[in-house]
Amino acid sequence: MKPSTSSAQFVGQSTADDLMDDWVFFSTESAVSQGLEDSRDDQEAEDKGRFKDKLVSAWNSVKYGQFFFCQRLKISDVVSRPACPLYFLKVNSYRFSLSGWTLKQKSKFSKRSPVFMLGKSYELKDEVDQQHFRWCFASLLWFTYRRGFRPLPGSSLTTDSGWGCVLRSSQMLLAQGLLLHLMSPGCTWSGNQRVVKDDMDLMHSVNDGFSSSERESKRSRHLSWGSILDRPVESTHRRILRWFADNPTAPFGIHRLVELGKSSGKKAGDWYGPSIAAHILRKAVEAAVVDLPNLVVYVAQDCTIYLQDVRKLCERPLPQHWKSVLILVPVRLGGQDLNPSYITSVKKLLMLECCIGIIGGKPKHSLFFVGFQDDHLLYLDPHYCQPTVDVTNNFPLESFHCKNPRKMPFSRMDPSCTIGFYAKGQMEFESLCASVNEAVSASAETYPMFIFEEGKTREEARANTPTHSVTFLQRKTQLGRVDTNNSMDEFVLL
């Protein structure tokens with residue numbers, strides 16, 4: 001049967017994460033596949049590698065509801081061969097059109113259970129809470145793979161697709177801390193308020209208990225609250241995004257993070273773990289003292305937050321006697337798999353307003369966790385390759401915000417992660433210590449995932465050394481050492 005010239009067929013049993021290992025081409029002209037097989041020189045091998053990158057980008061574009069292709073894909077776009085339409089792609093059990101229609105994968109949300117996200121709870125059976133949740137989720141800053149930027153330090157790479165997802169997740173965590181540091185609590189991105197359609201599949205519809213007039217009154221009050229977003233707030237929003245731009249001058253851009261990773265033995269194209277990423281963020285904020293003179297970053301050592309070290313970092317002469325602090329805690333919550341005993345503590349941490357998210361993921365796949373519903377984590381995914389945005393002028397904001405909330409089971413969470421917290425002042429820091437300590441001590445089956453200790457680290461020299469090779473696991477029956485070099489700390493990605 002002759003294949004259609006306007007469709008691409010995705011078939012197979014594997015998951016999207018196996019895309020690079022499971023792609024096959026079918027064409028009405030056998031010369032295409034034969035030509036690829038006959039390619040022997042280095043240039044053609046490099047061209048095929050670029051073609052793979054384009055396929056990965058295309059998959060992620062479809063996965064996140066973007067246009068797949070506007071025209072039929074040509075082999076001549078990638079390989080120096082006669083133009084020949086590519087009709088079929090074998091990747092998973094999906095079917096797409098090459099003519100530009102949209103496919104969205106939606107996570108299912110229950111109306112019977114609240115959603116918790118970064119210290120806030122939302123009752124989805126309440127229409128106003130639904131809208132509030134969508135606005136707050138869409139207001140989170142979303143950093144993804146980008147392509148077409150200037151070559152990264154020490155390389156010719158102009159994209160981080162396939163290897164930079166941990167750095168992008170780290171950018172999202174830092175950005176959330178900066179939003180709390182520089183903007184008023186409760187501010188949402190004004191652009192997303194124009195989007196009112198439901199991007200969630202909601203199950204178990206029930207009566208919310210409000211009459212139509214009461215519901216309309218609540219909606220009106222909420223919408224008027226959103227009108228407080230003014231030009232100074234929008235200006236701060238854009239200023240933060242410029243700090244994460246994909247150019248060498250941005251203090252938290254991919255170029256800067258790669259440059260700072262060199263001291264940890266990393267280079268562009270390498271895979272970064274959550275622990276190394278935490279230390280890269282610390283160095284980046286230290287170097288941005290002109291932009292952020294009142295903010296410091298503390299990275300916990302061996303699953304311990306040393307209070308004297310934090311206070312020494314934050315204290316300064318009057319009248320402003322305390323700097324705001326981001327506390328990053330690299331942990332490993334199990335051996336090769338997540339220890340289920342820690343799930344309760346992870347939930348409790350995500351219910352705290354001082355928590356700014358988790359740099360983590362599932363095996364072979366970095367994600368930024370921001371909340372949960374029941375036994376599923378809520379996350380932002382950096383695995384979508386977008387063109388680089390020029391931020392020198394009045395640039396568009398839409399590509400830095402995601403309107404589609406997604407979930408995954410806790411059971412799929414990789415045990416290696418970095419948890420982030422923010423305290424604006426000394427009182428907030430003391431409150432953070434009390435609430436976080438209670439949350440991590442929630443499980444009776446394990447020791448806390450990390451601890452607070454008075455005093456300072458015994459090896460102050462380690463303050464500048466990433467603890468990515470060995471992490472301590474604290475359990476009721478043992479205190480063991482686990483080599484994490486081949487785990488999530490060294491991501492194996494798409």
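For this chain, numbers begin at 1 and follow the sequence in order.
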[atom1] of [X] to [atom2] of [Y]: how many Å apart, nearest 0.5 Å?
X      : Y      : atom1 : atom2 : result
Leu328 : Tyr422 : CG    : OH    : 13.5 Å
Leu367 : Arg412 : CG    : CZ    : 9.0 Å
Leu292 : Lys323 : CG    : NZ    : 11.0 Å
Leu140 : His401 : CG    : NE2   : 9.0 Å
Asn339 : Ser345 : CG    : OG    : 10.0 Å
Leu179 : Thr236 : CG    : OG1   : 10.0 Å

No-hydrogen, no-angle side-chain donor-acceptor test under 3.5 Å, [X] and [Y]:
X      : Y      : answer
Tyr122 : His132 : no
Gln386 : Thr144 : yes
Arg242 : Thr249 : no
Ser416 : Asp414 : no
Asn294 : Ser324 : no
Ser435 : Lys348 : no
His365 : Asp381 : yes

| field | Arg282 NZ/CZ over Tyr298 ring centroid, <6.0 Å and within 45° of normal | value | no
Got a donor-acceptor contact below 3.5 angstrom from the [X] side chain to the [Y] backbone?
X      : Y      : answer
Ser431 : Met427 : no
Thr388 : Arg147 : yes
Arg134 : Phe137 : no
Gln373 : Ser113 : yes
Thr159 : Ser161 : yes
Ser155 : Leu157 : yes
Ser263 : Leu260 : yes
Glu315 : Trp322 : no

Find out whether [X] and [Y] are in side-chain contact, i.e. whether some heavy atom of one side chain is under 4.5 Å from a heavy atom of the other.
X      : Y      : result
Leu295 : Leu178 : yes
Ser121 : Val115 : no
Cys303 : Val329 : no
Val389 : Phe400 : yes
Pro330 : Pro274 : no
Leu326 : Phe421 : no
Lys312 : Lys456 : no
Leu377 : Met413 : yes

Taking all non-hydrogen atoms of both residues, which atom of [X] and which atom of [Y] are closest, and how far apart?
X      : Y      : value
Ala268 : Val258 : N-CG1, 3.7 Å
Leu124 : Gln130 : O-NE2, 2.6 Å
Cys354 : Val436 : SG-CG2, 3.9 Å
Ala423 : Leu432 : CB-CD1, 4.1 Å
Asp390 : Phe395 : O-CB, 3.3 Å
Thr418 : Ala278 : CG2-CB, 4.0 Å

| message | Quick check on Arg150: does its CZ atom have over 12 non-hydrogen neighbours (other residues, nucleotides or ligands) under 6.0 Å away? | response | no
| Atom NZ of Lys424: over 12 foreign heavy atoms under 6.0 Å | yes
| Got a sec, which pairs hit salt bridge (charged side-chain N to carboxylate O under 4.0 Å, His left out) with one end in residues 157-176, sequence neighbours left out? | Asp160-Arg168, Arg168-Asp246
| Tyr145/Tyr384 under ring pair (Phe, Tyr, Trp, His ring centres under 6.0 Å): CA gap, chis, key distance, verdict | CA-CA 6 Å; Tyr145 290 152; Tyr384 168 34; 9.6 Å; no
| query | So Phe149 and Asn247, side chain to side chain contact (heavy atoms under 4.5 Å, CB included) or not? Walk me through it. | reply | CA-CA 7 Å; Phe149 47 70; Asn247 64 62; over 6 Å; no
| task | Check step by step if side chain to side chain contact (heavy atoms under 4.5 Å, CB included) holds for Val166 and Trp271. | result | CA-CA 8 Å; Val166 178; Trp271 295 316; over 6 Å; no
| Taking it one step at a time, do Leu281 and Gln171 satisfy side chain to side chain contact (heavy atoms under 4.5 Å, CB included)? | CA-CA 8 Å; Leu281 292 183; Gln171 286 180 321; 5.8 Å; no
Got a salt bridge between [X] and [Y], using NZ or NE/NH1/NH2 to carboxylate O under 4.0 Å?
X      : Y      : value
Lys267 : Asp270 : yes
Asp375 : Lys347 : yes
Glu234 : Arg239 : no
Glu454 : Arg311 : yes
Glu259 : Lys262 : yes

| Set of residues satisfying ring-ring contact (aromatic ring centres under 6.0 Å, His included) with respect to Phe116, sequence neighbours excluded | Phe372
| remark: Sorted by chain and number, sequence neighbours left out, ring-ring contact (aromatic ring centres under 6.0 Å, His included) with Phe369 holds for none
| task | Would you check if the distance from the ring center of Tyr379 to the ring center of Phe368 is below 6.0 Å? | result | no
| Ring centroid separation His376 to Phe109 under 6.0 Å | no
| request: Mind running side chain to side chain donor-acceptor pair (under 3.5 Å) on Thr158 and Arg146 for me, showing each step along the way? | output: CA-CA 8 Å; Thr158 59; Arg146 296 281 177 170; over 6 Å; no
